[in-house]
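Read through the structure below, which is laid out as structure tokens, and then see the notes.
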Amino acid sequence: MNLLRKMINLLSSKVFLIWLIAIWVVSYVSYAVWSKEAFAFFMIGLRKNPAIQIPYAVFLLSLLLNIIRGSVSRFKKRGLFYLSLWIILPAGIFVFLAGYFISGTLRQSQWLLIGEGDIVKPAWSDKGYAVRKIIPSLKEETLNTEMEAGIFAYEPKVILSSREKDFEVGAFPPKKIDGTYYHILNFGLAPSVRLSDKKGLLNEGYTALRILPPPSEDSFEMPAYPYRFSIRLAPERILKKGDLTAKLYSLKSPSYEVVVYKGQDIIFEGSSKEGINFDGLTLTFFDLTYWVLLDIVKNPGIIAIIVGLFLISFGIPLRVIGFVVRVRGNALK
Amino acid sequence: MSPFIIEAFAVGIKEGIKLWVVWLILTSLLKGKEKTGLILPFYLGIVLCSVLTTVSFFTPPSPYIREMFARLIGYTFFLFFLSSVVAIYQETGTDLIGTLRSKARLILVPAIAISTVFYFSPDIIGSTMFIREMAMMKEKYLATYMSGAFGFALPGIIALSLSKNKRLMKSLSGFFGISQFLLLLSILKLISGGIKGFAELSLLPAVQRGLMKFFHDVVHQTFVFLMVPDHPLLKITVWNFIGIFFGPNIAMAVTLILLLTPPVIFLYLSIISPVPEPSEEVRGAERRKIKSAGISDRRKKSVPVVFFIIVIIMFYFSGRGETISRLYNPKPLPVIEDKGQIIIPLTDPSMNLFDGRLHKFSFVKGEDVINMLIVKKPDGTLSVCLDACEICLPEGYGQTEGYVTCIYCMTPIPIETLGRPGGCNPIPIKTEITEKDVRIDVQEVLLKWGDVKTGTSAQEAIK
């Protein structure tokens with residue numbers, strides 16, 4: 001009992017907390033100066049290394065006990081009103097840092113590149129969902145001078161279906177389904193491509209390309225063939241007004257600018273809506289679909305991070321008000 | 001007079017001021033506390049420093065060693081600044097040392113000697129290496145060394161004559177306690193810790209870069225936890241708002257806040273905390289006298305802290321942080337090869353290649369780290385070059401108004417002439433500039449890097 005009391009006294013002391021913070025700062029800066037990637041090392045350690053997890057947990061416990069000790073002391077000295085102005089900020093910091101700890105240690109995440117008809121099943125869950133539909137929400141057309149406004153008419157969505165119901169998943173905020181968060185991390189075009197020669201079909205498939213927003217460029221290869229295809233959206237029209245030039249791109253029925261490489265040599269360069277011919281072969285584009293990079297996350301600490309951020313943003317002005325109230329109170333005395 | 005002689009003199013003066021100011025203040029502080037014996041470990045530290053400096057004279061110059069010393073200077077600044085924060089906090093009433101106080105006497109003598117070596121050696125050795133390289137390049141060895149040595153000795157002559165003034169020394173000891181002295185050490189290092197001569201006088205750019213990286217990492221990780229989607233899914237305005245957190249302005253503001261917070265808290269607590277009351281037995285005029293002496297002591301100790309706050313703010317606003325040095329020399333961002341090309345976006349949340357500032361990128365191929373620079377020329381086009389020329393050691397370029405300047409030989413090159421090869425101009429690289437990015441062929445970079453490497457064989461001939 002005596003030992004427990006001593007430990008609580010030690011953990012709740014301001015000096016102990018300050019030493020913990022100072023040791024962390026020295027370790028972090030030492031690593032940052034001599035090895036550079038200190039934060040990444042810290043986050044990886046938080047996930048797997050007890051030598052980092054345990055001191056962090058002790059720090060959180062000490063911080064909590066110090067907040068309780070400070071709250072009791074301020075309540076006795078200055079009353080409930082001043083305590084309410086004071087406590088929000090440290091409470092917010094504690095909740096935020098606790099959220100970081102929980103997220104760093106327990107967060108599970110998975111990225112899945114999906115198209116319509118695929119099955120989405122997180123590695124940590126038995127439940128799977130079918131990708132019933134991808135709603136691209138792209139504008140019909142866009143000018144290269146309008147990129148500030150984005151290429152989407154509204155937020156793209158993915159409809160995930162279980163046996164019981166459908167779920168609509170967007171980009172932000174994430175959708176929570178059975179304790180797991182889903183959201184669209186990235187989005188792009190996935191035209192179907194077909195490689196054929198005079199004899200017939202050689203290869204065919206969908207290819208996920210990062211060619212949005214235009215004029216982004218991506219490339220792909222076809223197994224067993226020595227070609228690399230560099231592709232980007234081709235403008236439908238070039239508009240000129242005085243000195244200004246703008247390019248109009250169709251996002252729903254695009255044309256493609258294709259450069260075909262054989263090794264380091266360019267053997268074809270041109271644009272087409274349907275396909276191109278090179279080296280006795282034909283590459284055809286048809287059936288435009290979309291790919292979505294789905295971010296699937298199980299993170300029990302996210303709520304704490306959000307609540308912590310809110311408390312901190314309220315706590316800072318409340319602290320300023322509390323400081324002004326105290327100074328004025330002292331001046332009146 | 002050659003600008004190199006002037007620069008060597010200035011570097012010598014900078015290091016001399018650091019050493020002799022510290023000696024003067026430390027001597028007066030120890031005299032005031034009647035512990036003059038503790039100046040001996042300081043002298044021992046200086047002797048060790050001189051030995052290390054002499055040894056470094058025979059070490060071949062290398063950018064790697066200079067980089068290590070630059071890091072060591074920044075690291076020692078951090079340690080001394082942290083010590084001053086601890087000392088300031090100690091003086092506000094919270095006893096951070098506790099039971100360690102009784103053991104402090106045992107370690108005080110070696111601690112002073114070791115601290116002296118750590119404080120002065122990296123700076124003096126780094127500056128000596130810089131002067132040595134200047135002397136080698138211009139082949140004016142005697143003049144350059146003499147100029148540096150004279151610059152170093154001149155503040156010493158002034159300090160020695162001031163130390164004879166007993167009244168001044170007694171007065172100085174009234175203004176400095178342990179925390180003020182440690183703050184002085186860290187501020188001196190902050191404003192004069194650079195080892196690239198006029199190119200980078202202070203540590204402020206390095207401190208800001210470190211804080212910017214930390215801030216960027218924390219914000220990025222928080223956004224990952226909050227599941228904020230990738231760039232194309234956000235409106236540009238939202239992405240630009242997020243980009244504020246990754247920009248240099250936040251880092252500069254955070255640097256200023258971090259540097260100013262400990263001295264400002266010290267001043268605030270000096271003003272509001274009550275003066276310690278004398279014991280009950282002391283009464284009347286004697287009591288008032290003791291309290292008045294306490295108030296006067298507090299005010300005196302606040303004077304150097306106010307001075308430091310003013311110096312920090314002046315340095316911050318006179319150069320706006322990263323441009324505080326005459327040369328703007330950004331840290332290279334790493335880039336990777338993508339199917340035989342290096343692709344650098346024209347804009348992203350943390351940079352805009354068309355902003356008129358120098359941008360640097362580093363590419364690693366095997367054991368070689370190849371730096372490239374990109375800058376907008378006055379005609380609006382981008383110039384893409386290696387961050388090296390065919391003549392000098394590949395220390396790269398910094399930017400001043402209208403020029404890029406070779407850091408090694410300090411030759412200024414008008415930005416509008418970039419792209420023309422030869423002389424001290426950075427080696428141009430053929431690139432393709434699209435509407436969205438800059439595309440550099442890796443083979444072209446490696447070919448041009450070969451020119452730079454053959455330049456290093458000429459450098460070995462100079463040795």
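Note: B/Thr222 leads B/Thr222, B/Leu82, B/Thr434, B/Asp338 in heavy-atom pairs under 4.5 Å with chain A. Contacts with chain B were tallied for A/Ser13, A/Pro174, A/Pro173, A/Ser30; A/Ser30 has the most, counting heavy-atom pairs under 4.5 Å. Listed options A/Val297, A/Asp295, A/Ile18 were ranked by heavy-atom pairs under 4.5 angstrom with chain B; first place goes to A/Ile18.
Of the two parts of B/Leu72, the backbone and the side chain both hold a non-hydrogen atom closer than 4.5 Å to a non-hydrogen atom of chain A. For B/Phe78, the part lying near chain A is the side chain, with the backbone staying farther off; criterion is any non-hydrogen pair under 4.5 Å. For B/Tyr89, the part sitting under 4.5 Å from any heavy atom of chain A is the side chain, from C-beta outward, and nothing else. Within the 4.5 angstrom heavy-atom criterion, atoms from both the backbone and the side chain of B/Gln221 approach chain A. Contact of B/Val86 with chain A is not made at all, since no heavy-atom distance falls under 4.5 Å.
Screening A/Tyr100, A/Tyr181, A/Phe96 for a ring-ring contact (aromatic ring centres under 6.0 Å, His included) with B/Phe225, the sole residue that qualifies is A/Tyr100.
Residues A/Asn299 and A/Ser103 have side chains that bring a donor and an acceptor to within less than 3.5 angstrom of each other.
Closest non-hydrogen pair, A/Leu309 versus B/Leu226, comes out as CD1-CD1, 4.0 Å.
Summarising the local packing, CZ of A/Phe220 is surrounded by more than 12 heavy atoms from other residues, nucleotides or ligands at distances under 6.0 Å.
In this structure, A/Phe41 has its ring center closer than 6.0 angstrom to the ring center of A/Tyr31. The aromatic ring centres of A/Phe229 and A/Tyr261 sit 6.0 Å or more apart.
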